[in-house]
Asker: 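Before anything else, here's the structure in question.
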Amino acid sequence: MAAYSIFRFIQLLKKGLSTKQIWINTNKISSVGSVQVILMTALTDFEPIAKRVRLDTCSLKSPSSFLQDLPLCSQSIENVTMDQERREPKEQKMDMRPKTGAGGLRGVKTKVSHHRISPKQQQEFRSTLERWLVKPSKNTSTADVCQPREDVEMTDDCGFQSTSANTLYSKRQDCISKNTGKSAELDLNEETQPLTQENLDDESKNSSGSGLTRTPIYSDGYLEKQEQERGSLKRNPKITDFFSGTSSPRLSVRCGSPDESPEEMDEDKETTPDDDKPDVTWLGTPISELRRMPECGGWLPQLKDIPGQHTVLIRTDLLQSGKVPIPYPTKFKDAWDDVHVKMPCSWKNLFPVVNEETQELENRSRWDLIKETLTKKFTGPLDLKNAILKYNAAHAKKWDFTALRLYCTEVLEPHAAEHLFGSLLPDLVQLALRASELCTKPAPLLKEGMNHSITMSQEQVACLLSNAFFCTFPRRNSRKAEYSNYPDINFFRLFEGSSPKKIQKLKTLMCYFKTVTEQQPTGLVTFTRKCLDRPVNWKSSQAQLTKLHITCEGTIEDDGYGMLQVDFANRFVGGGVTSSGLVQEEIRFLINPELIVSRLFTEALDHNECLIITGTQQYSKYTGYAQTYQWFGSHQDTTPRDGWQRRCTEIVAIDALQFRNFLEQFHPLKINRELNKAYCGFARPEESSQNLSAVATGNWGCGVFGGDTRLKALIQMLAAAEAGRDVAYFTFGDSRLMTDVHNMHSFLTERNISVGEVYDLLVQYYSSVCKNCLGRRPDVSVYSFIYQQVSSSLAPDDSDRLSARQSVSTDNH
């Protein structure tokens, strides 16, 4: 029966059915299954004859080569008489004589030996095959069951090595060694190759149409990272663990580096996994030699309010270390206009209500309604929802509080939920209702084109954020109103939907609110909007490149402490922090929530602007990135403070351009824009270069924004050199990028190539390579072009020979 099933299986494959899944019709019952399952089921369909014999298939090279060669067998089912009724029990031998040729079973006479198989061995064999192929665990992910064909060890559904499968493999290897005298080479058929971008649509259609999931082939490194991301958190992974080997949700997972293009992957097929492991984790100048604050900082002038330049919302004359700053002015001074934040406690913040006696609409103080509603006791999420909608009645049918409900009822333990509604929320209400006492002067709006700073206390920031949590800010619930060019500030989008990301965001923010309500913060925070009035003449720049420390490990916020830390920003600062976004910028705004208040008064950034925030505190730890992000507990920030009582944490928000067409980023106008944007964030003309800390940055404007990592690294090095700052560059796990950027930096510095000369090379690259390029990506990478133009000698090994064709990485945006 086993032989009969094999021949039926061969005949079906000859009919051109997919090598991944086939259709069979046995006893008038139709079914669809994988090649492996049907083959192994046929082999284990033990009839009386098969129970008494065992086929010793020493000629098989590997499971993959066996499956690959089966369709090539020329023996036709019509030429073989296998009538089950005519077979005799005494038949114990069969002689297969397919046509001679290379591969698989062809040209090999199958050796048959007589061995008895005990019932116990039968059952063990069946169990092993069922665990291996048929019955994966319910919790097993795609990455678990779809091991690459190149793997020599087979695993069962629990991830442990299967002894039976390993024994079969060992016997097969021994047999091959005897026949060939050399170690076996596993065949690579087309199914083991990564999918290309051109056939993504076909794959999607086929999988959805058949009802079967087509699983991609993953590299070993990717499987390891998927295992790290699943299940309970056994360690505290860093952000670097989630970039290398991950893919965009819109792209199929491919073997190799996430930054490789299809062409690069073809070139590097011979690269083994060990080749991708870096021998070193950093290159260039030791990070300890780069300048940090406060050690490198110069003398700070006296903090004071300067009309038109700097708005200070506290009493500077009473500022003391360790003391809660006193608000200024003493009493609330309202300003309901188009240049200040409209405060919820303003007497002009009116709300139409129906008079119960006259049944007519009349205007009532919205702040009074807010106080009346929020001071009532909350017993559950429904009470909180009804309270928020009481003074946001126009949005009652639109706003969704699913995430908030899930957080309160299904995530929190009963005692934690009791603490939330019995202690934390009442404290948060009291903090929010102190707005007229703490924020006695509305903050000015940082509008487009302004050069202006706002300094406020951490307690004032906490008060404003608590009002954002309760959605009290007027005119800020729609982008259609006067604040259409400002980010959202009320948290209503954070409460909607059932995404696990929202739950983790709520955990992170609740950690912040718990900290500031239990102990009043005592520091200050400064928000500075800066506009670059005069663009740099990059072609004539004589500046030399500064020091570079580049590493594939570590993070900007941890290893870049005391440096100017780059926020890969959206032009609406904070991006999707109060909605669904959860990448580099959103994560930074969550663990340093005082950054979120900048969304209250910062208009969208223009091409020549940036936002600099100094003094925010980190309150939370985290693991993961994007979909895998998880709050990991509270964080004790020990960063020292400067003379203004600000934490020495300086973050600059610079937004990169988003490119739909890969080639357009090499246009001189686009390069100028990115150079000027980075320079605007890095430069401090009023400061001496000796007092400037290094820039801690990474793959700015890459990921979903479509930027080329190597070009963006070069742009940031040029801007930092012009600004007189060293660079600490974090590649987020990409060791190849680390090597390529370091080689380019060394190549340029050793030859004393100036910023202007590099800029001219970039212009030449566009005109000679990109401008008339007919493809989607140039044939020569920007680094290869620079090597060729600068020196006629052999360039350093540029492992990014085709980096311009690289796939979009998802590590950041």
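Please read these numbers as outputs of a predicted model, since none were measured by experiment. For reference, positions follow the sequence shown, starting with 1.
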Asker: Got a donor-acceptor contact below 3.5 angstrom from the K621 side chain to the W631 backbone?
Answerer: no
Asker: Could you check Q458, H635, R646 and say which one makes a side chain to side chain donor-acceptor pair (under 3.5 Å) with Q617?
Answerer: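 Of Q458, H635, R646, side chain to side chain donor-acceptor pair (under 3.5 Å) with Q617 is met by Q458 alone.
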Asker: Can the ring centroids of F421 and F378 be said to lie less than 6.0 angstrom from one another?
Answerer: no
Asker: Which heavy-atom pair separates L313 from A443 by the least distance, and what is that distance?
Answerer: CD1-CB, 4.4 Å
Asker: Working to the nearest 0.5 Å, report the span between CG of L445 and CD of E482.
Answerer: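 Atom-to-atom, L445:CG and E482:CD are 9.0 Å apart.
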Asker: Does E437 pair with R434 as a salt bridge, N-O distance under 4.0 Å?
Answerer: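 Salt bridge between E437 and R434, a charged N being under 4.0 Å from a carboxylate O: yes.
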Asker: Looking at every non-hydrogen atom in both residues, tell me the closest pair between M293 and N691 and how far apart they are.
Answerer: SD-O, 4.4 Å
Asker: Looking at every non-hydrogen atom in both residues, tell me the closest pair between L464 and F473 and how far apart they are.
Answerer: O-CE1, 3.3 Å
Asker: Stepwise, does the salt bridge (charged side-chain N to carboxylate O under 4.0 Å, His left out) test hold for K348 with D334?
Answerer: CA-CA 9 Å; K348 292 185 179 181; D334 195 10; over 6 Å; no
Asker: Taking everything shown except K447 itself, do over 12 heavy atoms lie less than 6.0 Å from its NZ?
Answerer: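 Yes, enclosed.
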Asker: Got a list of side-chain donor-acceptor pairs under 3.5 Å for residues 603-612, not counting sequence neighbours?
Answerer:
unit_1	atom_1	unit_2	atom_2	d
E603	OE1	E448	N	2.9
E603	OE2	N485	ND2	2.9
H607	ND1	R673	NE	2.9
H607	ND1	R673	NH2	3.2
N608	ND2	L532	O	3.1
E609	OE1	R529	NH2	2.6
E609	OE1	D606	N	2.8
E609	OE2	G449	N	2.4
E609	OE2	R529	NE	3.3

Asker: Would you mind telling me which of R588, E557, E650 makes a side chain to side chain donor-acceptor pair (under 3.5 Å) with Q565?
Answerer: R588
Asker: Any side chain to side chain donor-acceptor pair (under 3.5 Å) involving residues 461-473? Give me the pairs, sequence neighbours left out, ordered by first then second residue.
Answerer: N467-T472
Asker: Measure the shortest side-chain to side-chain distance between K441 and P329 over non-hydrogen atoms and say whether it is less than 4.5 angstrom.
Answerer: yes
Asker: Should the pair R599 and F572 be classed as cation-pi, given the thresholds of under 6.0 Å to the six-membered ring centre and 45° from the axis?
Answerer: no
Asker: Tell me if the centroids of the rings in Y629 and Y622 come within less than 6.0 Å of each other.
Answerer: yes
Asker: Relative to Y483, does R475 satisfy both conditions: NZ or CZ under 6.0 angstrom from the six-membered ring centre, and within 45 degrees of the ring's axis?
Answerer: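 Geometry flag: not set, cation outside 6.0 Å or 45°.
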Asker: Answer with yes or no after comparing the ring centroid distance for Y407 and F401 against a 6.0 Å cut-off, counting only values under it.
Answerer: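 Ring-ring flag for Y407/F401: false, centres at least 6.0 Å apart.
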Asker: Are Q645 and L303 side-chain neighbours, meaning at least one heavy-atom pair lies under 4.5 Å?
Answerer: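 Result no, sub-4.5 Å side-chain heavy-atom pair not found.
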Asker: Is the centre of the F568 ring less than 6.0 Å from the centre of the F705 ring?
Answerer: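 That pair fails the under 6.0 Å test.
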Asker: Apply the test ring pair (Phe, Tyr, Trp, His ring centres under 6.0 Å) to residues F513 and Y619: give CA-CA distance (whole Å), side-chain angles for both, the deciding distance (0.1 Å), then the verdict.
Answerer: CA-CA 10 Å; F513 286 129; Y619 291 85; 9.8 Å; no
Asker: Ignoring hydrogens and angles, tell me if any N or O in the side chain of R315 forms a donor-acceptor pair with the backbone of I326 under 3.5 Å.
Answerer: no
Asker: If we count only N and O atoms by modelled type, under 3.5 Å, do the side chains of S457 and E459 hold a donor and an acceptor together?
Answerer: no
Asker: For the atom pair CG (N363) and CG (L361), what is the distance rounded to the nearest 0.5 Å?
Answerer: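 One gets 8.5 Å once the value is rounded to the nearest 0.5 Å.
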Asker: Counting only heavy atoms not in Q519, do more than 12 sit closer than 6.0 Å to its CD atom?
Answerer: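 Not buried by this count: 12 neighbours or fewer within 6.0 Å.
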Asker: In sequence, state the C-alpha distance, the side-chain angles, and the governing distance for N392 and R366, and then conclude on side-chain hydrogen bond (donor to acceptor under 3.5 Å, both in side chains).
Answerer: CA-CA 10 Å; N392 289 290; R366 190 168 182 261; 2.9 Å; yes
Asker: So, taking the atom named CG in L506 and the one named SG in C408, what distance separates them when rounded to the nearest 0.5 Å?
Answerer: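 It comes to 8.0 Å.
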Asker: Around Y561, counting heavy atoms of other residues, nucleotides and ligands shown, do more than 12 lie under 6.0 Å from its OH?
Answerer: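 12 or below, so no.
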Asker: Parallel under 30°, tilted from 30 to 60°, perpendicular over 60°: which one fits the rings of F492 and H395?
Answerer: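 If you compare the ring of F492 with that of H395, the planes turn out parallel.
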Asker: Are K501 and E586 ion-paired here, with the side-chain N under 4.0 Å from a carboxylate O?
Answerer: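 Looking at E586 together with K501, the answer is no, because their closest N to O distance does not fall below 4.0 Å.
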Asker: Of the non-hydrogen atoms in C648 and R641, which two are nearest, and what is the gap between them?
Answerer: SG-C, 3.9 Å
Asker: Is Q636 atom CD crowded by more than 12 heavy atoms from other residues, nucleotides or ligands, each under 6.0 Å away?
Answerer: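 Open.
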Asker: If only atom types and distance count, is the side chain of T375 paired as donor or acceptor with the main-chain N or O of E372 below 3.5 Å?
Answerer: yes
Asker: Taking everything shown except W336 itself, do over 12 heavy atoms lie less than 6.0 Å from its CH2?
Answerer: yes
Asker: With a cut-off of 6.0 Å (strictly less than), are more than 12 heavy atoms of other residues, nucleotides or ligands near CD of Q302?
Answerer: no
